[in-house]
Engineer: 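There's a structure below that I have some questions on.
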Amino acid sequence: MAGVNTMEKKLAEYKCDTNEAISLKLVRFPEDVDDESTTFHPEYSHQLYGDDEVAFGYKGLQIQLFYTAGNLSTLFKVKYSSKVTEVFDCVEPDDVEGKIREIVPAGFTCNTDDFISLLEKEANFMPFGTLLHTYTVHSEEAGELTYQIHKADITCPGFQEYHERLQTFLMWFIETASFIDADDDRWDFFLVFEKYNKDGETLYATVGYMTVYNYYVYPDKTRPRVSQMLILPPFQGEGHGAQLLEAVHRFYCSLPKVQDITAEDPSENYVKLRDYVLVKLCQGLPSFAADKLHLGFSEDMVKEAQEKLKINKKHARRVYEILRLRATDMSDEDKAREYRLEVKKRLFGPYRKNQRELAKMRKCLRPEELVSHMGQMDTQTQHEELEKSYQVVVEDYRRIIERIASQA
């Protein structure tokens, strides 16, 4: 038994956390390659290395995936200090390299010098598609930085190959990511680039992107649905997500055939970002004026949000609740109670559905089965959960209001 434990301990030394082992870079200058401050790591690697996010068979494992900042030409290298087969010839290490090759398109290099030589070609890289929007962000280190948002599609020369490289980042930063069939011409792509100078030349660095699929709506409309959205880690927290989402909304608002804009299985962070952007867009509409908000959510709000901004009723309702909170004196007990009941009325929807289901169950379930379901729908528990949901929603709304106020 002691021998087995010793063997397990020795084998455990050959396990590596793949999120730590994988090093990612967006390289602008040759010195970036060896600069640890430009390295970032995945949030997720389970899609390639399993739920434990562990690779077995190596000590000191390093998986390098470095990209040139604009064109995303790729360096892929695997390093390690020792391999399990050097000590245990009967134990097979994981194929860490093969897993990466499954997602990284052909054309990468494994030689650092060759990769550095590719940086010279970055001056030839230009953003794909049509320029939609230009904006600036102030940086304490670099001053005013300029960014551009472009709309592209698969017909743009060189874009398909570029997109294959770009989408590899999804696997590391979106928990349930999957690659799309980019050959379908109903896909739209929106790309964010930073303009920067290098040796007197203007170059472009990839910042992030969004994919949108255009669904058909009978009889003659389309419903753009956001599928994927990612701002690359070195650029996160600088407001690029909001700029991108607002530019995309404004683009589709200009198209008469668009019914409304939705998102596929949106994350919590995306919902918060969308709330912020839609409040910014709606706050100037007459139906959302401060003197209208206390009258309740109206058909005028639904109609104006849909016609002018392609916002559906569900999203318009959230915008109304946020703007009403901003216009409500929550220190006034009557006004605060009125607002709380208004929001809870919407939140109560799922609980009301449970009550309808319970009524159906009474007709078809045996008593002991019914008791187990009734336990799940206890009225007191419902009230407690409803209050919790309300507090979370209001806290999120306050953050959006504060963010908008800070940029006024």
Side-chain angles (χ1 to χ4, degrees), residues 16-49 52-55 58 60-80 96-97 99-105 108-110 112 115-116 118-119 122 125 137 139-142 145 147 162-177 179 191-196 198 203-211 228-244 267 269-270 273:
C16 296
D17 180 327
T18 46
N19 289 338
E20 293 179 7
I22 297 168
S23 294
L24 304 164
K25 279 184 191 283
L26 295 164
V27 179
R28 301 185 184 192
F29 306 98
E31 53 268 29
D32 292 344
V33 171
D34 296 318
D35 182 355
E36 277 303 308
S37 70
T38 64
T39 302
F40 55 102
H41 300 276
E43 289 181 28
Y44 309 104
S45 54
H46 61 276
Q47 297 219 55
L48 268 66
Y49 295 108
D52 292 339
E53 299 182 322
V54 166
Y58 309 88
L61 179 64
Q62 293 180 47
I63 301 169
Q64 294 181 340
L65 272 173
F66 296 173
Y67 297 80
T68 59
N71 193 46
L72 304 179
S73 302
T74 312
L75 170 69
F76 171 40
K77 291 177 79 170
V78 176
K79 300 177 179 180
Y80 48 85
V96 293
E97 189 170 327
K99 294 289 186 185
I100 298 286
R101 286 176 180 269
E102 289 175 12
I103 65 163
V104 176
F108 59 82
T109 180
C110 298
T112 304
F115 175 73
I116 289 173
L118 291 171
L119 291 174
E122 284 287 280
F125 174 76
V137 174
S139 162
E140 289 186 8
E141 293 178 5
L145 298 174
Y147 297 87
Y162 166 84
H163 175 257
E164 287 175 0
R165 297 189 292 275
L166 176 58
Q167 70 178 349
T168 59
F169 286 99
L170 296 176
M171 287 296 168
W172 313 127
F173 299 104
I174 296 181
E175 192 171 6
T176 56
F179 292 165
L191 307 151
V192 186
F193 297 97
E194 180 193 331
K195 290 176 72 172
Y196 70 99
K198 180 179 177 183
L203 277 69
Y204 294 87
T206 300
V207 171
Y209 81 119
M210 178 190 287
T211 59
Q228 303 155 325
M229 180 178 178
L230 178 65
I231 301 299
L232 297 172
F235 304 96
Q236 289 176 4
E238 298 175 356
H240 301 294
Q243 290 280 356
L244 175 57
S267 67
N269 285 338
Y270 179 85
L273 181 66

Engineer: How would you list, by chain and number, every residue that makes a side-chain hydrogen bond (donor to acceptor under 3.5 Å, both in side chains) with S37, sequence neighbours excluded?
Structural biologist: D35
Engineer: Evaluate the criterion side-chain contact (heavy atoms from CB on, under 4.5 Å) for residue pair T206 and N71; output intermediate values, then yes/no.
Structural biologist: CA-CA 8 Å; T206 300; N71 193 46; over 6 Å; no
Engineer: Identify, with sequence neighbours excluded, every residue that meets side-chain hydrogen bond (donor to acceptor under 3.5 Å, both in side chains) alongside T39.
Structural biologist: K25
Engineer: I'd like to know if the side chain of N19 and the backbone of H41 have a donor-acceptor N/O pair within less than 3.5 Å.
Structural biologist: no
Engineer: I'd like to check the salt bridge (charged side-chain N to carboxylate O under 4.0 Å, His left out) partners of E97; sequence neighbours left out, ordered by chain and number.
Structural biologist: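 Residues passing salt bridge (charged side-chain N to carboxylate O under 4.0 Å, His left out) with E97: R101.
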Engineer: So, E122 side chain and G70 main chain: donor-acceptor pair closer than 3.5 Å or not?
Structural biologist: yes
Engineer: Determine, step by step, whether L166 and L191 satisfy the side-chain contact (heavy atoms from CB on, under 4.5 Å) criterion, reporting the C-alpha distance in whole Å, the side-chain angles of both residues, the deciding distance to 0.1 Å, and the verdict.
Structural biologist: CA-CA 10 Å; L166 176 58; L191 307 151; 3.8 Å; yes
Engineer: Report the distance from atom CZ of F125 to atom CG of L118, rounding to the nearest 0.5 Å.
Structural biologist: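 With rounding to 0.5 Å, CZ (F125) is 13.5 Å from CG (L118).
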Engineer: Name all residues meeting the salt bridge (charged side-chain N to carboxylate O under 4.0 Å, His left out) criterion together with E164; count only those two or more places apart in sequence or in a different chain, and write none if there are none.
Structural biologist: none
Engineer: Is it true that T211 and Q228 share a donor-acceptor pair across their side chains at a distance under 3.5 Å?
Structural biologist: yes
Engineer: Please name all residues satisfying side chain to side chain contact (heavy atoms under 4.5 Å, CB included) with F179, sequence neighbours left out, ordered by chain then number.
Structural biologist: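 Testing F179 for side chain to side chain contact (heavy atoms under 4.5 Å, CB included), a comparison that skips the adjacent residues, returns I103, Q167, M171.
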Engineer: Under the criterion side-chain contact (heavy atoms from CB on, under 4.5 Å), which of T18, L65, I22 is the partner of P42?
Structural biologist: I22
Engineer: To the nearest 0.5 Å, what is the distance between NZ on K77 and OG1 on T112?
Structural biologist: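 Between K77 NZ and T112 OG1, I get 3.0 Å after rounding to 0.5 Å.
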Engineer: What pair of heavy atoms forms the shortest contact from I116 to P30, and how long is it?
Structural biologist: CG2-CB, 4.0 Å
Engineer: Rounded at 0.5 Å granularity, tell me how far CD in E53 sits from CG in L48.
Structural biologist: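 E53 CD to L48 CG: 10.5 Å, rounded to 0.5 Å.
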Engineer: Say whether, by atom type as modelled, one donor and one acceptor occur between the side chain of Q47 and the main chain of A177 under 3.5 angstrom.
Structural biologist: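 Yes; at least one donor-acceptor contact below 3.5 Å.
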Engineer: Please enumerate all residues that pass ring-ring contact (aromatic ring centres under 6.0 Å, His included) together with F40, with sequence neighbours excluded.
Structural biologist: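 Partners of F40 under the ring-ring contact (aromatic ring centres under 6.0 Å, His included) test: none.
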Engineer: Go through the structure and list residues passing ring-ring contact (aromatic ring centres under 6.0 Å, His included) with F173, not counting sequence neighbours.
Structural biologist: none
Engineer: Of all the heavy-atom pairs spanning A69 and Y196, show the shortest one and how long it is.
Structural biologist: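 So the minimum-distance heavy-atom pair works out to CB-OH, 4.3 Å.
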Engineer: Do you know which two heavy atoms are closest between P105 and R165, and how far apart they sit?
Structural biologist: CG-CG, 3.8 Å
Engineer: Heavy atoms only: give me the nearest V96-A55 pair and the separation to one decimal.
Structural biologist: CG1-CB, 3.6 Å
Engineer: How would you list, by chain and number, every residue that makes a ring-ring contact (aromatic ring centres under 6.0 Å, His included) with Y58, sequence neighbours excluded?
Structural biologist: Y80
Engineer: Picking from Q243, K195, E238, what satisfies side-chain contact (heavy atoms from CB on, under 4.5 Å) with Y147?
Structural biologist: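 Result for side-chain contact (heavy atoms from CB on, under 4.5 Å) with Y147: E238.
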Engineer: Roughly how far, to the nearest 0.5 Å, is the CG atom of L230 from the CG atom of L244?
Structural biologist: 10.5 Å
Engineer: Measure the spacing between CG of L26 and CZ of F235 and express it to the nearest 0.5 Å.
Structural biologist: 6.0 Å
Engineer: Residues two or more places apart in sequence or in another chain: which of them pass side-chain hydrogen bond (donor to acceptor under 3.5 Å, both in side chains) with S23?
Structural biologist: none
Engineer: Once you round to the nearest 0.5 Å, how far does CD1 of I231 lie from OH of Y209?
Structural biologist: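 Reported value, rounded in 0.5 Å steps: 11.0 Å.
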Engineer: Would the distance check show the side chain of T68 and the main-chain N or O of V27 forming a donor-acceptor pair, the cut-off being under 3.5 Å?
Structural biologist: no
Engineer: How close do V33 and F66 get, counting heavy atoms only, and between which atoms?
Structural biologist: O-CE1, 3.9 Å
Engineer: Counting neighbours of NZ on K99 that are heavy atoms of other residues, nucleotides or ligands and sit closer than 6.0 Å, is the number greater than 12?
Structural biologist: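 No, the 6.0 Å shell around NZ holds no more than 12 heavy atoms from other groups.
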Engineer: Return yes if some donor-acceptor pair links the side-chain N/O of T74 with the main-chain N/O of F108 below 3.5 Å, else return no.
Structural biologist: no
Engineer: Using the salt bridge (charged side-chain N to carboxylate O under 4.0 Å, His left out) criterion, which residues pair with R28? Sequence neighbours excluded.
Structural biologist: E194
Engineer: Who are the side chain to side chain contact (heavy atoms under 4.5 Å, CB included) partners of E175, not counting sequence neighbours?
Structural biologist: Y44, H46
Engineer: For T168, give me all partners under side-chain hydrogen bond (donor to acceptor under 3.5 Å, both in side chains), at least two apart in sequence or on another chain.
Structural biologist: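 T168 satisfies side-chain hydrogen bond (donor to acceptor under 3.5 Å, both in side chains) with Y67 only.
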